[in-house]
Structure formats: structure tokens, C-alpha cells
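A short write-up of the structure that comes next.
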Amino acid sequence: MKLNSKTIVMAAAIMLSACTNGGGFGGGGFRGGGGGTTGAASDPTSAGYFQQAIGDRVLFAVDQHTLTPESSALLDLQANWLLTNVEFGAVIEGHADEQGTSAYNLALSGRRANSVIEYLVSRGVSPVRLQPLPLGKERPIAICSEETCYNQNRRAVTVVAAGGLS
Amino acid sequence: MRLMITVAVGFACLLIGLPAIAQQSRGPLRIEITEGVIEPLPVAVPDFIAETADAANFAIDIARVVAADLIGTGLFREIPKNAFLSTPTSFSSPIQYSDWKTLNAQALITGAVATGSDGQLTVKFRVFDVFSDAQLGDGLQFGGAANSWRRMAHKVADAVYSRITGEGGYFDSRVVFVSETGPKNQRAKRLAVMDYDGANVQFLTDDSAIVLAPRFSPTGDRVLYTSYETGFPKVNVLDVGTIERRALDVQAEALTFAPRFGPDGSTVVLSLSQAGNTDIFKTRVDGGPLVRLTSTPSIETAPGFSPDGSWIVFESDRSGTQQLYVMGANGGEATRISFGKGRYGTPVWSPRGDLIAFTKQANGRFHIGVMRTDGSEERLLTASFLDEGPTWSPNGRVIMFTRESKGAAGARALYSVDITGRNLRRVPTNLSGSDPAWSPLLR
Amino acid sequence: MKSGAYISGMGHGGLILWALFGGLFLNARDPLPVQASNVSLISSEEFAALALPNEAPVIAVETPVSAQPSVQDDAPIIVPASEVSPDPPKPEGVKPPAAEGLPAIPESPITPQTDVVVQAPNAPAAPAIDEQSETVQPDQAPTPAPAPRVAPIAAPAPALDAEIAETTAPEIAPDESADTPAPETPATAPKEAATEIVTEAETPRFAPKTSQRPKVRPVRPVQTAKQDEPGTDPISDAVAEAVASETPEPAQPTGPPLTGGQIEGFRVAVGNCWNVDSGSAAARVTVTVGFSLDRSGKLVQNSLKFVTATQGESGAINAAFEAARRAIIRCGAKGYELPLEKYPQWKDIELTFNPEGMRIK
């Protein structure tokens with residue numbers, strides 16, 4: 001029985017995670033920030049686990065795209081996970097807070113995504129598995145217009161999806 | 001002796017008067033005036049005259065649109081209709097100038113509308129310079145389909161504006177923008193186009209994907225914009241008439257955004273982001289090689305052409321903060337033109353070629369400003385929590401931009417301001433919108 | 001004592017000599033052009049006929065002037081506007097709106113219309129002199145009104161003048177050329193004089209004014225008018241010039257020069273009506289306008305003319321001139337306040353409107 005349920009759960013997890021779309025900002029009627037949150041967090045091979053147990057985001061200072069030591073440490077964990085779960089690819093979203101003009105923030109968010117990618121690549125993850133997605137200031141998660149919200153929005157989010165990227 | 005003195009004195013007295021007599025008559029008195037007033041010109045726009053029974057509503061509505069156009073510039077003020085002492089009863093009836101002078105109306109616009117058999121409308125008008133007791137220029141007449149009555153009204157207003165200010169108008173034009181709904185962290189965006197005064201809104205895309213920064217072609221028939229429909233930011237071209245769209249034909253994996261047409265209608269300049277670096281590239285809207293114009297490790301974005309197509313203005317943070325630069329249309333050395341304290345972005349060249357509008361951030365505030373094309377005479381026109389993304393009216397006198405309010409309930413709206421900084425007003429549309437781009441005058 | 005007498009005599013003599021001959025040096029330095037006002041002789045009846053209208057510049061009597069000819073005359077240019085406005089009233093959905101594209105189909109514009117303008121006058125001209133007298137009510141659009149009245153006069157002239165006026169230095173009169181069947185009323189005649197002159201001379205049917213016009217120049221005419229003068233009356237012209245060469249001015253005392261305060265008062269008076277559109281191209285044009293005032297400080301009809309302007313597009317110069325003209329007319333409606341005893345000094349004025357300090361304030 002136990003075996004069966006575990007199998008069922010795992011199978012379900014795998015099937016469900018396969019449904020997630022790596023580029024969830026387009027035709028799938030994107031709403032909210034950070035998709036692909038499926039799979040039980042208890043399953044260390046699931047995206048849910050990646051997101052909740054390991055942590056999928058790193059934060060940045062105003063106008064900066066450099067990684068802090070804490071960020072690097074977190075990215076180490078992310079890299080390890082990716083190296084373990086080779087069937088996953090990742091889209092690295094870059095974000096910026098609203099204190100800037102639209103196009104510049106798009107470019108800045110691209111820099112942030114790229115910082116994460118370069119770091120992961122330096123930890124051995126194959127670059128073909130990683131894709132940057134600059135989102136500028138389009139998808140804040142905190143919407144007050146204060147620094148307490150801004151510093152949450154200046155982020156890069158690693159969104160993993162099984163099956164790599166199309 | 002005494003006699004001599006008397007005679008001498010007598011002569012002297014006589015001759016003192018001589019210089020006055022000998023004075024030549026002078027030329028005209030020449031005076032220079034340097035102080036006038038700046039105030040809206042009072043104008044009277046009585047209802048147009050309906051020359052056919054069906055034209056009654058059109059006559060009133062068209063006159064209202066003409067008046068709204070003129071008042072909306074901030075250069076005119078309307079004399080209220082209930083103050084009129086007399087109103088013209090036919091298009092050719094003589095004008096009682098004294099009636100209008102009493103009201104201090106300096107300009108008078110009369111017009112007439114007639115409906116035709118096949119749904120056609122004829123609109124004609126005259127402008128009068130009241131204090132000169134004379135008509136100003138020729139009358140004009142327009143014809144068109146009845147459902148384009150607003151366009152005809154705008155054309156009337158353009159002609160009147162032109163007669164009085166000596167410059168081209170901007171009323172018969174459209175604005176493409178991003179219409180927004182939903183909460184701040186889940187905005188649904190879709191492309192929309194409307195008359196410059198907010199009427200006749202038409203949606204060009206649905207809201208299933210984020211869209212940004214649409215820009216008209218020089219003839220107003222196509223729009224370039226950034227779309228996330230593939231999941232990643234890419235430049236699309238959309239035909240306004242058919243609403244058909246396609247991706248701009250560049251490398252599949254390229255992340256492209258911030259596109260603009262060149263004045264020839266086929267050159268496209270845009271930003272491309274690769275490995276975290278953003279540079280400016282050029283290509284053609286119907287396909288062609290992607291030509292790199294900048295190659296620096298800094299961010300180069302928001303490029304735009306000068307009206308003659310020979311220069312490109314853009315923003316770059318190569319100096320450490322975002323500043324404005326100008327380079328030749330084929331790339332090459334770039335000259336910095338912004339030097340104030342703060343960050344500068346979103347530069348747009350005026351269609352008159354004389355100014356560049358921009359967004360400036362300083363001390364936690366955003367401003368829309370203008371400067372000469374060499375960077376001199378910088379003037380800030382607005383100040384608020386977040387203003388950005390200016391676009392020019394076809395005659396280079398008015399700037400429209402996005403203003404966002406602060407906080408969790410913050411929403412974006414379109415505003416316009418005159419280049420003198422006067423007449424800041426919200427564009428009358430109920431929609432929440434951003435990223436406006438003004439079309440040229442429609443033909 | 002004697003020495004005192006000698007000194008006094010020498011002082012007085014020197015004064016006399018200076019008074020007599022010092023003026024010579026002054027003259028050499030100030031070769032001011034002689035302000036000639038052309039004068040010719042007219043009978044008192046003629047004068048009366050002309051004098052009346054001059055008195056009623058601002059009054060309603062003017063209205064018949066603007067009796068508009070029919071649309072055809074001055075609504076020539078049909079702008080394309082047969083456009084399709086692509087504004088489908090259905091803002092929903094992404095469905096392509098049925099067809100319309102933005103750009104419209106331009107029609108052939110101007111030429112057909114100018115033909116219309118030309119043809120209109122052929123309609124019987126109603127010499128509505130009798131009708132016109134003072135009729136003020138605008139309702140009385142005289143039935144023959146529309147085209148006919150304009151008649152032969154307007155035909156060729158306005159077509160040309162109107163176009164020319166747009167592009168060259170602005171002139172007051174041509175604006176009205178298309179509409180003003182000027183000769184109708186005595187009241188209007190002097191005002192229309194400038195443009196009408198060209199054609200009126202050809203059509204004697206319009207009563208006293210036309211026959212007198214070549215002889216009388218109460219006011220400086222606009223440039224177009226001048227071309228007619230020499231042709232019509234060479235002899236009276238020669239006489240007029242001979243008369244004019246004498247300077248009538250010296251006969252009247254001009255008084256002390258206008259004080260700074262008086263000039264400043266005048267500047268302010270005009271400036272109050274001078275509306276500057278500070279963001280416009282016209283605000284970059286400095287325009288000089290010349291005009292004459294009568295003794296009550298009111299603008300002399302038809303005397304306002306364009307003198308010069310700094311560089312700029314014709315549209316900008318035109319707009320600057322119009323704004324200047326409006327300023328002078330509006331604030332001068334009740335007459336400018338200037339000292340009567342100094343009238344010769346300010347009867348002719350050239351005002352330069354310099355908006356440099358007002359640009360984009």
C-alpha cells in the first residue's frame with residue numbers, strides 16, 4: 001500500500017510537473033509572479049520543493065545586478081539541485097522595482113537574470129538549460145510604493161520546469 | 001548803448017524761437033514693446049447651422065468638438081453660448097461684429113453642416129477676426145462619410161488653429177497606447193488606439209500577454225510594440241487596419257524591445273538584450289539583417305530617430321547613470337547631451353526637430369522635460385511621483401505621457417502638457433493607460 | 001562799464017550767431033526724411049461724403065460689409081476628408097474592424113474650386129447701394145446677397161490676392177477681398193479701399209467713391225493701392241507732390257518731446273492687449289507695425305501696415321503680425337491717451353513687438 005501510494009504520488013508529481021509551461025507569461029494567460037509551482041514540496045525532485053525548500057529568488061540593491069554572498073550561497077543550492085535533477089530546465093526571471101523608466105528597467109532586469117545565469121553556469125550547470133526572462137517592472141510582488149516593497153521586487157526568480165525548454 | 005542792448009536782447013529773444021522753427025519734421029515715433037500678456041484668446045463657437053433636417057445633431061456636436069479641441073490647447077477660451085447677443089442664422093448671413101466685440105470675442109467661428117443622400121456629410125466653416133471686422137482667410141468645406149464627423153470637426157479645428165497661430169494643428173490624429181486593468185501586481189495589458197481626445201477607442205490585441213511601448217509608423221498605418229506572447233519579450237509589427245500582427249523577423253532567441261520606426265517607414269531601431277547586455281540595433285520592418293549600432297557593456301536602450309532620419313537619440317548608463325546620447329543613424333561615436341543632476345531616459349525627438357523630450361528622475365521625483373537637441377536649455381514641464389514616456393503631438397507643441405499614482409492602488413493615466421509647461425491635463429478617457437504614442441496628422 | 005557792455009554785446013552776439021548758424025550743424029546730422037502727407041484739393045461735398053464714413057469705424061454700420069457671398073466663393077478648397085474613418089464603433093474584441101484603413105483618399109483639391117470662385121461673380125451684380133445704407137440686422141441677408149453682390153470686383157482680385165496674402169507680408173485688406181462687396185455702403189468704402197482700389201477703378205458703377213478715389217489719399221494706403229495712383233492722375237500727382245514737398249509741420253509747434261512716462265503709458269496700453277503665444281513659432285518673430293492715430297488717439301482707418309519682421313516662416317510672421325494688429329486695434333478702440341499738444345510727434349507710429357522676453361516663460 002505504501003509503495004503504491006508513493007508511486008502514485010510520484011507519478012502524479014511527475015505528470016503534473018510536466019504540465020507546467022516554462023514560459024508562463026504568454027499564451028497561457030499569465031497571472032501572478034512565478035509559475036510552475038506544482039508538485040509536493042516534500043518531493044525533493046519537484047519544482048515545488050525547489051521553490052519552497054531551497055528558495056527560488058535572490059534580491060538586489062537599487063540599480064544593482066551584483067550578487068550578495070547570501071545570494072551566492074542560495075544559488076549554490078539551486079545549482080546543486082539542477083545538477084541533480086537533470087531533466088529540469090529553468091527560466092530565470094529578472095525584475096526591477098518601479099523607480100525607473102520602463103525600457104531601462106527591462107534591460108536592468110535582464111542584467112539581474114544574467115547574473116544568476118552566469119553564476120549557475122560557473123557552478124557547472126549547462127547554459128542551454130537556462131534562459132533569461134527580463135520582466136522589468138511589470139510583475140511586482142509587493143505593491144506599496146515604499147522601500148519595504150521595492151526591495152522585494154528587485155529580484156531574480158529561478159523557475160524550473162521539467163522537460164527542459166522547447 | 002541802451003538801444004543796442006535792447007535790440008540785441010530783442011534779437012536774442014526772437015532767435016531763441018528759431019531752432020524750434022527750423023526743426024525738421026521727424027519720422028514716425030518708434031517704440032518697442034516687449035511686455036505683452038499670455039492669456040487664452042477668447043473665441044466664440046456658436047452651434048453650426050444645420051442646412052438639412054438630418055444635420056441638426058451633427059451641427060451641434062461638430063461645433064462642440066471644434067470648441068473642445070481649441071479650448072483643450074490652453075490657447076483659447078470659450079465665450080459661453082448663453083452670453084451670445086446674436087447667433088448667425090445662415091452660413092452666409094453677415095456678421096454683426098459689434099455683438100461679438102461686446103463679448104470681447106476676438107475670434108468667431110461659424111459653420112454649417114448638411115447631410116447628403118448617401119450618408120455623406122458636408123461641413124463648412126469660416127473664421128472671423130472680430131476686432132479687425134474681417135474674415136480670416138478663406139472659408140473651407142469638407143465632405144465625408146457621416147460616421148467620420150469627428151474627423152471633420154477635428155479638421156475644422158486644425159484649420160482654425162492654423163489660421164490663428166500660424167502653425168499646423170494636431171487634432172485630427174490618433175494615439176496608440178496600452179490599456180490596463182487589474183491590480184498592480186497582476187496588470188492585464190492590451191494595445192488600444194483612440195482619437196487624441198479619447199474618443200473612438202479600439203482594441204488591437206487581447207489581454208492574454210503583456211504588451212509594451214507601441215509606436216506608430218510615420219504614416220500611422222502600422223504599430224511596432226513589444227509583446228510577451230511567446231513568453232519572452234519580442235518586437236511585433238501590427239497593421240492597424242487589419243489588426244494582423246507578426247513578429248519582427250530577427251533571430252528567434254533574441255530578446256528585443258523598445259522599437260521605433262525611422263522616418264522612412266521601413267527602418268526599425270530597437271534594443272536587443274543578450275547575455276545580460278543591452279545594445280541598440282537596426283533592421284528593416286519587412287525583414288533584413290540586424291545591424292549593431294552600439295557595442296558597449298553598458299545598457300543602451302530607448303532609441304529614437306530625428307525627424308530627418310540622420311540622428312539617433314538614446315539613453316545609456318555608460319557614465320554610471322542613465323543619460324541621453326546622440327549618435328549618427330549608422331552608429332558611431334555618441335555625444336552626451338544630458339548633464340543635469342539626476343537620471344535621464346526615454347528620449348523622443350520633436351517632429352519639429354528642435355527639441356528632445358525626456359523623462360528625468362531626480363530627488364525621488366519624476367519629471368517630463370524638454371531640451372534643445374544639443375542638450376542646452378533644459379526645462380522640466382511636470383513633476384510627480386511617476387511620470388514617464390513622453391510622445392509628441394504632430395505639430396511639436398504638446399506632449400502626452402504616462403502618469404502613475406503612488407501606492408498599492410496606483411494606476412496609470414495618460415496626461416498631456418504644452419511645451420511651455422502650461423495646460424497640464426488628463427486625456428479624457430476612462431481607461432487606465434500607459435505608453436502613449438501619437439500618430440502623425442491623418443490624411 | 002564799457003567793458004561790461006562789450007562783454008554783454010559779445011555774449012548776445014554769440015548767442016545770435018549760434019542761433020542762426022548752429023542749426024546748420026544740427027541739420028547736417030539729422031537728415032530726417034520729410035514726412036509728406038499728400039494733399040490734393042477736393043470739393044466740400046466730396047469731403048463730406050468721405051468724412052462721414054471715417055467717423056464710424058467701430059460701429060455696427062460696418063456689418064453689411066461682411067455680408068458673405070455664397071459658400072462657393074470662399075469655401076473653395078475641399079479637403080479630402082472623404083475618408084474612411086477607421087473608427088469602428090465596436091471597441092471590443094480583437095476582430096479586425098470591417099475594413100477601414102486610416103489614410104483616406106485625397107481628392108483633387110484646389111483647382112476646381114478657384115474656378116468656382118471666378119464664375120460666381122458672373123451672376124447679376126445687384127448694386128445694392130440703396131439696400132445697404134445702414135442696415136444692421138444680420139437677418140437682412142439681402143436676398144440677392146450671395147454670389148451676385150461680390151460681382152466682378154472680387155473675382156480676379158481675391159483669387160490672386162488671397163493666395164498671395166497668405167504667403168507674403170500680411171496685409172489687412174486682402175482677407176476680406178473675397179467677401180466684401182465693399183462698394184455697397186459708404187461706410188465700408190474707406191476700409192476696403194486698399195484691396196478694392198485695384199478693381200474698383202474698373203467699375204465706375206459704384207457711386208461717388210470710385211470717381212473720387214484716385215484723387216484722395218486721406219491716409220497712407222497699403223502697398224497694393226499705390227500701383228494705381230501714378231497711372232490715373234499724373235498731373236494731380238505732380239501737384240500733390242509739389243505741395244507735399246513743403247513741410248507743413250514746421251508751421252505747428254510740436255512741443256517738448258514725449259516724456260518717458262507718456263511713452264511707457266502707451267507701451268503698457270498696447271501691451272495689455274498683446275497676447276503672446278509663448279510656445280509658438282510666432283513668439284520667435286519680432287514684427288514692426290506702422291500706423292497713424294488721429295487727434296483723439298484712435299487708429300486711423302487703413303493706416304495699419306506691416307513694416308518689417310525678423311526671420312521666420314511666413315505663417316509665423318503672419319501670426320505675429322495678426323497678434324500685433326489685434327493688440328493695437330483692441331486697446332485703441334477708445335483712443336490712446338497721448339498729449340494732444342504733442343500730436344505731431346505721435347501721429348505716426350512704428351511699433352516693434354519683440355516677444356523675446358516672453359518666449360516660453
Side-chain angles (χ1 to χ4, degrees), chain A residues 21-33 35 63 65 91-95 98-118 121 127-128 131-147 149 152-153 156 159 161 165-166, chain B residues 182-189 207-210 212-213 226-233 253 255 257-258 271 273-279 298-303 314-317 320-322 343-346 358-359 361 364 366 385-386 388-389 402 404-410 434-435:
Chain A
N21 186 356
F25 295 89
F30 171 80
R31 295 284 185 274
D63 260 358
H65 60 282
V91 169
I92 318 297
E93 298 172 7
H95 297 264
E98 67 183 353
Q99 300 180 95
T101 55
S102 180
Y104 184 80
N105 278 0
L106 241 177
L108 176 62
S109 64
R111 272 184 176 162
R112 289 172 176 160
N114 189 65
S115 294
V116 168
I117 290 176
E118 283 184 349
V121 167
V128 302
Q131 204 170 347
L133 172 48
L135 279 160
K137 53 179 181 170
E138 299 302 310
R139 288 290 180 260
I141 51 174
I143 57 179
C144 72
S145 299
E146 311 290 338
E147 178 58 20
C149 291
Q152 299 175 58
N153 294 329
V159 180
L165 303 159
S166 56
Chain B
K184 198 164 155 180
N185 55 357
Q186 285 184 26
R187 285 275 201 251
K189 292 188 162 186
D207 60 1
S208 58
I210 296 174
L212 296 174
T226 305
S227 168
Y228 279 78
E229 59 186 341
T230 61
F232 296 84
E253 326 77 45
L255 301 174
F257 56 99
S271 296
S273 184
Q274 207 163 35
N277 187 24
T278 305
D279 273 311
S298 50
I299 289 177
E300 271 74 32
T301 187
F314 61 97
E315 68 173 273
S316 163
D317 64 357
T321 57
Q322 298 155 257
R343 292 184 262 164
Y344 296 77
T346 74
F358 55 87
T359 304
Q361 295 167 251
F366 279 73
F385 166 71
L386 211 172
E388 66 167 316
T402 308
E404 181 166 1
S405 52
K406 190 172 168 170
S434 62
D435 282 343

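Remember, predicted model here, so these are calculated numbers, not experimental data. Labels below follow one simple rule: chain letters A, B, ... track the order of the sequence lines, proteins then strands, and each chain is numbered from 1.
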**OP:** Indicate yes or no: does B/E388 engage A/K137 in a salt bridge with an N to O separation below 4.0 Å.
**Re:** yes

Subject >> Interface moiety of B/L386 toward chain A, non-hydrogen atoms closer than 4.5 Å >> reply: side chain

Original post:
Top residue by heavy-atom pair count (under 4.5 Å) with chain B, among A/P134, A/A113, A/G110?
Top reply: A/P134

Subject >> Short side-chain to backbone donor-acceptor contact, B/K406 and B/F385, under 3.5 Å >> reply: no

**OP:** Just give me the residue among B/G410, B/S271, B/P233 that pairs up with chain A most often, heavy atom to heavy atom, under 4.5 Å.
**Re:** B/P233

**OP:** Please flag which part of A/D63 lies under 4.5 Å from any non-hydrogen atom of chain B: side chain, backbone, both or neither.
**Re:** side chain

**OP:** Inspect the surroundings of CD in A/Q152 and state if more than 12 heavy atoms from other residues, nucleotides or ligands are less than 6.0 Å away.
**Re:** yes

**OP:** Please check if the side chain of A/Q131 supplies one atom and the backbone of A/V91 the other of a donor-acceptor pair under 3.5 Å.
**Re:** no

Original post:
Among side-chain atoms of B/T359 and B/T346, is any donor-acceptor pair under 3.5 angstrom?
Top reply: yes

Subject >> Portion of A/A107 that has a non-hydrogen atom of chain B nearer than 4.5 angstrom >> reply: both

Original post:
Tell me, side chain or backbone of A/E146 under 4.5 Å from chain B's heavy atoms, or both, or neither?
Top reply: side chain

**OP:** Considering only heavy atoms and a distance below 4.5 Å, find which of B/A258, B/G407, B/S227, B/G345 pairs most often with chain A.
**Re:** B/G407

Original post:
Do the non-hydrogen side-chain atoms of B/T301 and B/E315 ever get within less than 4.5 Å of each other?
Top reply: yes

Original post:
Can a salt bridge be assigned to the pair A/E98 and B/K184 using a cut-off of 4.0 Å between side-chain N and carboxylate O?
Top reply: yes

**OP:** Can you tell which part of B/E404 gets under 4.5 Å to a heavy atom of chain A, answering side chain, backbone, both or neither?
**Re:** side chain

**OP:** Would you mind telling me which of B/G364, B/A275, B/S434 has the largest number of heavy-atom pairs within less than 4.5 Å of chain A?
**Re:** B/A275

Subject >> Residue, of A/G136, A/S102, A/C144, that accumulates the most heavy atom pairs under 4.5 Å with chain B >> reply: A/S102

